[in-house]
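Input: a single structure, listed below in structure tokens.
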Amino acid sequence: MTEIPLSAPDITEAEIESVTDAMRTGRLSIGPRQARFEEMVAERAGRRHGIAVSSGTAGLHLVLLGLGIGPGDEVITTPFSFIASANCILYVGATPVFVDIDPVSLNMDPKKVEAAITERTKAILGVEVFGNPAHMDELAKIAQAHEVSLVEDCCEALGGVYRGRQVGSFGRAGVFGFYANKQITTGEGGVIVTDDDHLAAHCRSTRNQGRALVPGGDGSIHAGGGAWLEHDRLGYNYRLSELACAVGIAQMERLGEILEARRRVAGMYMGRLMAWRDLILPTVPAGAEAEMSWFVFVVRLTDQYGQYERDRVITGLRRHDIGAANYFPCIHLQKFYRDRFGFEKGMYPIAESVSHRTIALPFYNRLDETHIELIVHTLSVMLRREQLLQRPNDTTGRERSQEV
Ligand SMILES: *Cc1c(COP(=O)(O)O)cnc(C)c1O
């Protein structure tokens, strides 16, 4: 157990009270808290519908099913993301088509997205990696021009804004994730947001065992009611409990404060690391109409370092009880993707080069100046060590890194 973990949820008495209140009602599933939580997330994203699900991954699965995507269809997505954003394409039997990333935002390069569209393309699955919403508007335009759907995997970007639009509002649907390391958490959970009535109804049914849809008392459509054992389609149990939704409501009520705390921590890192020539800091989207939603704080070593040195820095930080991680190894190079689709090293060189040099540093709301100072100091010692071991003409480090 590291003393300064990589992430930590921000849980207060408000969340604890909210969940104990829910327990006392005796209603533990499909109740008013689910409806309220869905409404809060949808409202924040500027959407008509919110559908709470058991995870962000489950939400992505249901959206692709709801869009009728299946075998023979292609979905364009990024190789530089958490693996769930591509796995959902495999769940429905479709083919992932990766495109390389923009080296600044680390999101898909829109030009490469456009070039990858074929007559088999059914959707573009865009990811706001590390909470950076850059390019989502361009992806929306490309999707519209080519008559394919944009699905926004906004699991890392709740509360972000781009070109004046809320994250979650760009695609046919957006999916938020509420695993314990996200901006807000329900332990496990997610919410699908959309303005598409038909897609929303389909997702409500498939998350609830494919149950028939019947009008609910509040005018919205709920799956279940009188038709509890009638199943219209193959469905799943991807519901989110009232207990989880109770936590989510309390977290959403504190969203402004939570995002502000994360901005403050990111600012502390930025201030201290700005002058370091060995590091590339996260870029925040430019302009008054854009707002990063800080998910993690990921720095990148410059290209005089390789994967070998990066891994040693991470190990060194951990040895000093400081959480650190290699966000993200490329998805196309994961073994089962290579085996199944024949992906190889070198196919997405920017994503690969970036992924060899990233270091996610501890990032959570309670980090204070003292923590940040200790982290930054330890990081400087680790980098100094790599510089000393790798003398100017010594390329052994580079060679070793290429073997990995
Ligand atoms: C967290 C995350 C998800 C979904 O994760 P769950 O753990 O299933 O909630 C999907 N895509 C990305 C990019 C993520 O970071």
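Just so you know, ligand 1 is whichever comes first in the structure, and atom 1 is the first atom listed for that ligand. Everything numeric here is computed off the predicted structure, so don't read it as measured data. Computation of the quantities below employed the complete heavy-atom set of this structure, encompassing side-chain atoms and omitting hydrogens, waters and symmetry-equivalent molecules.
- For ligand 1, the polar-atom distance check against E156 finds a nitrogen or oxygen pair separated by under 3.5 Å.
- When each atom of ligand 1 is checked for a heavy atom of S81 under 4.0 Å away, the hits are 13 (C).
- In this structure, F328 and F82 have tilted ring planes: the angle between them lies in the 30° to 60° band.
- Between the side chains of N365 and E257, no donor N or O sits under 3.5 Å from an acceptor N or O.
- Considering backbone and side-chain N/O atoms, E188 never comes within less than 3.5 Å of an N/O atom of ligand 1.
- Among all protein heavy atoms, the one lying closest to atom 11 (N) of ligand 1 is D153 OD2, 2.7 Å.
- Using a 4.0 Å cut-off between charged nitrogen and carboxylate oxygen, E230 and R211 do not count as a salt-bridge pair.
- Protein heavy atom nearest atom 9 (O) of ligand 1, with residue, atom name and distance: G56 N, 2.8 Å.
- Between Y348 and F98, the two ring planes are perpendicular [angle over 60°; tilted spans 30° to 60°].
- The closest protein non-hydrogen atom to atom 5 (O) of ligand 1 is T57 OG1, 3.7 Å.
- Salt bridge annotation for E188-K182: absent, with no cationic side-chain nitrogen under 4.0 angstrom from a carboxylate oxygen.
- Salt bridge present: R263 and E260 bring a charged side-chain N and a carboxylate O closer than 4.0 Å.
- When each atom of ligand 1 is checked for a heavy atom of V127 under 4.0 Å away, the hits are 13 (C).
- Close N/O approach between K182 and ligand 1 is found [any backbone or side-chain N/O within under 3.5 Å].
- Checked for salt-bridge contact, R254 and D10 meet the test: a charged N lies under 4.0 Å from a carboxylate O.
- Of the protein's non-hydrogen atoms, Y179 CB, 3.8 Å is the one closest to atom 7 (O) of ligand 1.
- Of the polar atoms of C155, none of the N or O atoms is found under 3.5 Å from an N or O of ligand 1, judged by distance alone.
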